[in-house]
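One structure, as structure tokens, below. Some questions next.
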Amino acid sequence: MTDAEKDADRDDVTGMTADEKRHDQLTRAPKSDESDAAPRITTEDRGDGVTRIDVADTAKVRPGGGEARPE
């Protein structure tokens with residue numbers, strides 16, 4: 001969490017953290033479920049300031065053109 005996010009959490013009148021707000025927003029819709037709030041990316045610190053970011057295998061929504069991928 002960045003310093004700006006920490007400051008925003010302290011100044012927030014709802015009393016919710018950024019993660020709690022994200023979960024609330026993504027599960028509020030009538031047909032939503034817990035999987036809608038699941039993490040969509042994974043990160044890996046490779047040292048020397050390099051961070052790898054990947055789409056999580058469990059992501060409900062994935063980037064791309066919608067074409068089927070061979071398994």
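Just so it is clear, the values below take in all heavy atoms, side chains as well, and ignore hydrogens, waters and symmetry mates.
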Exercise. Do Arg46 and Asp48 sit within salt-bridge range, that is, some charged N less than 4.0 Å from a carboxylate O?
Worked result: no
Problem set entry | Heavy-atom closest pair, residues Pro39 and Ala56 | O-CB, 3.8 Å
Exercise. Step by step, would you call His23 with Glu34 a side-chain contact (heavy atoms from CB on, under 4.5 Å)?
Worked result: CA-CA 8 Å; His23 181 273; Glu34 283 296 314; 2.9 Å; yes
Exercise. Near Asp57 CG, under 6.0 Å, is it more than 12 heavy atoms from other residues, nucleotides or ligands?
Worked result: no
For this session: Quick one: do Ser35 and Asp33 satisfy side chain to side chain donor-acceptor pair (under 3.5 Å)? Show the steps, please.
Result: CA-CA 6 Å; Ser35 67; Asp33 58 35; 2.4 Å; yes
For this session: Starting at CG of Leu26, measure out to CG of Asp36 and round the result to the nearest 0.5 Å.
Result: 7.0 Å
Exercise. Does some side-chain heavy atom of Glu44 sit less than 4.5 Å from a side-chain heavy atom of Thr51?
Worked result: no
Exercise. Side-chain contact, heavy-atom cut-off 4.5 Å: Thr43 with Arg52?
Worked result: no
Problem set entry | Point-to-point distance, once rounded to the nearest 0.5 Å, from CD of Gln25 to CD of Glu20 | 14.0 Å
Exercise. For the residue pair Thr27 and Ser32, what are the closest heavy atoms and their distance?
Worked result: O-OG, 2.8 Å
Problem set entry | Separation between OG1 of Thr17 and CZ of Arg22, rounded to the nearest 0.5 Å | 11.5 Å
